[in-house]
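Okay, structure first, notes after.
Labels below follow one simple rule: chain letters A, B, ... track the order of the sequence lines, proteins then strands, and each chain is numbered from 1.
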2 protein chains.
Amino acid sequence: MRRGRSERTTLMDVAVRAGVSAITVSRVLREPQKVSPSLRQRILDLIEDMGYVPDQAARALASRHNSTFGVLVPSLTSRAFLNFMQGVEERVRDSTFRIQYANTHNSVEEEKRQVRLLMSQNTAGIVLGGLEGLEEVSDLIRRANCPVIQVVDVGIETAATAIAVDHAAAAEAATRHLLACGYRAIALLGVAPDVRGGRRTQGYARVLQQAGLYDPDLIHTENAATSTQMGCRLLRRALKARPDIDAVFCQNDDLALGVLFEAQRLGRRVPDDFGICGYNDLDFATVMNPPLTTVRLPLFEMGYRAGDLLIRSADGRTMERQTIRLGFELIKRRTTRRPAG
Amino acid sequence: MRRGRSERTTLMDVAVRAGVSAITVSRVLREPQKVSPSLRQRILDLIEDMGYVPDQAARALASRHNSTFGVLVPSLTSRAFLNFMQGVEERVRDSTFRIQYANTHNSVEEEKRQVRLLMSQNTAGIVLGGLEGLEEVSDLIRRANCPVIQVVDVGIETAATAIAVDHAAAAEAATRHLLACGYRAIALLGVAPDVRGGRRTQGYARVLQQAGLYDPDLIHTENAATSTQMGCRLLRRALKARPDIDAVFCQNDDLALGVLFEAQRLGRRVPDDFGICGYNDLDFATVMNPPLTTVRLPLFEMGYRAGDLLIRSADGRTMERQTIRLGFELIKRRTTRRPAG
DNA sequence: CTGTTAGCGCCTTCAC
DNA sequence: GTGAAGGCGCTAACAG
């Protein structure tokens, strides 16, 4: 089905049929105002008839630029990245640029490979949605011949323009809230290989240490894609290690959903006997029974901004490296008690 | 930040530094065994030092082929497609091919644009994860110079190799099950612009018509991205139109989750007073309270097969057009009563 | 094992 | 408003 196929129609084929030179056909496509209307229309019809599709490889090679952006995300199972991706799309949608995604599977190696691939393609711009291998990718980025936007944690030095959020501070706020609600044995459930999750764990641990309530047995993670089922499993595991657990901070809302279901099955009354705090404020958080207390990150906006930065810098303007900080918000709903006092 | 950058390192640059000709460097990368070990190593070091990254455009142009697959999905908000994408990845992961995704937003126009873009890039193969514009895309596909795998509904004539599932039959089975459980006023909730959803609606309607229970007021859709919140909204709307509704068939599990939450808030007892059936058997279906009755499609397998077909046909072997039919399974859990009789 | 020659399909630059 | 010449960076085909 491959090699033996009919050769594809080229610009030259169209030009010959039109009785003009190749460059004229090329102009019809790129600078139509430079070709006389009648000739232009005739060529346009011919292009349609012959099913001509320009070859991007040749175009990119000759013009030395490309009009697709590459967006790398570490995972497709986490909804958080989907919201992020939608933000990028929204901004890029009615520009002349196209988007292509790739998945790095939370792997530094894969991230490097994908960045190399994008660079190989002379991509117009790259968004690194979740930076896994900071050091190792930085080298590549410095050599990149296109704008690169990184989404990172506050306080991280980046080689490129960055959109930064403070995961550690967000986790601190959530943990403090659980303490303020009077919970004392607060577990943390998460996904092991997730870099951003690690920062959240740090924030959580810091607060509990200060309160003298820290215990490694409270922390449970699993090295697998996040899921609601994982939330159930991790809760059972945590309760085995520390049966007195009275609240859970989940590194994402999918886990929190599972925790709620499992807690209900175990007869825990939420929020009276048992508090739950999620992370990301996904769509279902508001409609759960009870609605989920969670941390909201401006995921869509982060994506939108990333797309915007890319478009602006790809426009040809030189842009200096900058870092855009975006905040978080703790959304207090009904899976946590009202704070005491 | 863009144009004014330093030129990127080329194959020729490396060759000059190594004191060899360009082709030798090229061989080191593609056919290393054809270059003497010592020279090979020297060149490899140089490539590393100089940060040389091959230009895919030039490579694709010269060799007339490309090693990335394009995967088009109609939506990123539906988890069903994520499972599908994961299947494709799993198969492709340790081949020499790479994957790039694009989102068509349930739009025929966008689908055509994206297919054109992929063709422009001389993509090694294309997977159309959810076919929106059958007729219009078929023309393009016939001209495609690479293997194309379509995921379609059974009974649809395709221009390319296809993986087919029978959404209408699956919806019929689900609706019959609800009838067998003794529910009589069965609503259907869905997403408006979804082609596959349309087929499911047909299956549902057919069964209810046969049972003499069909009523257009039972069908409620919304023209927006699917969500759990939408499930809540649609249920309220449906109950307004027909307060006697005693069961709901949801076109996906996210809607079903919202329906369960909303039904619980409205004091409906599930499954005794109120039955719910979902679609897709997503991760959370087994752990809900009660667990969700739903239709399972082999989404991961569909993706895996698509990837497999692509790899096999891209290998150079000519493959004849074929259609692979995959089945569905009705998973009876506890959001529906036990069938009478 | 290494090199030479030619050209992929298009765009840039400069003529007319 | 249109065209001719040359080259983008790489690889196929053929030499040696």
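Remark: B:Y304 OH to B:N83 CG distance equals 16.0 Å, nearest 0.5 Å. Summarising the geometry, atom CZ belonging to A:R27 is positioned 10.5 Å from atom CD belonging to A:Q33; distances are rounded to the nearest 0.5 Å.
Contact between the side-chain N/O atoms of A:R30 and the OP1/OP2 oxygens of C:dT12 is found at a separation under 4.0 Å. A close approach under 4.0 Å does not occur between any side-chain nitrogen or oxygen of B:R64 and OP1 or OP2 of C:dC8.
Side chains of B:Q86 and B:E90: no donor on one and acceptor on the other come within 3.5 Å.
Across the protein-nucleic acid pair, A:L61 atom CG and C:dC8 atom P stand 13 Å apart, rounded to whole Å. Distance, B:M12 CE to C:dT5 P: 13 Å, rounded to whole Å. Between B:N66 atom CG and C:dG9 atom P the separation is 14 Å, expressed in whole Å. Taking atom CZ of A:R59 as the reference point, atom C1' of C:dT12 lies 14 Å away to the nearest angstrom. Rounding to whole angstrom units, CG of residue A:L29 and C1' of C:dG9 are separated by 13 Å. Separating the CG atom of A:L11 from the P atom of C:dT12 is a distance of 12 Å, rounded to the nearest angstrom.
Proximity of B:Y101 to B:L76: side-chain heavy atoms (C-beta onward) are nowhere separated by under 4.5 Å. Taking the side chain as every heavy atom from C-beta outward, A:Q150 and A:V137 never approach each other to under 4.5 Å.
Close approach of DNA chain D to chain A, defined as any atom under 4.0 Å from a non-hydrogen atom of the protein, starts and stops at D:dG1 to D:dG9.
B:Q56 comes within 4.0 angstrom of nothing in the nucleic acid, heavy atoms only.
Taken residue by residue, residues 20-27 of chain B places heavy atoms nearer than 4.0 Å to DNA chain C at B:V20, B:S21, B:I23, B:T24, B:R27.
The shortest heavy-atom contact between B:N66 and B:F97 is O-CE2, 4.3 Å. Smallest separation of non-hydrogen atoms from A:A60 and B:A57: CB-CB, 4.0 Å.
Each of B:E31 and B:A57 lies near DNA chain D, and the nucleotide nearest B:A57 is the one positioned closer to the 5' end. Residues B:A58 and B:Q33 each lie close to DNA chain C; by heavy-atom proximity, the contact nearer the 5' end of the strand is made by B:Q33.
A donor-acceptor pair under 3.5 Å is formed between the side chain of A:R8 and the backbone N or O of B:M119. A:D55 places no side-chain N or O within 3.5 Å of a backbone atom of B:L61 that could act as its donor or acceptor partner.
Closest approach to the B:S36 side chain among C:dC10, C:dC8, C:dT2 is made by C:dT2 (side chain taken as heavy atoms from C-beta onward).
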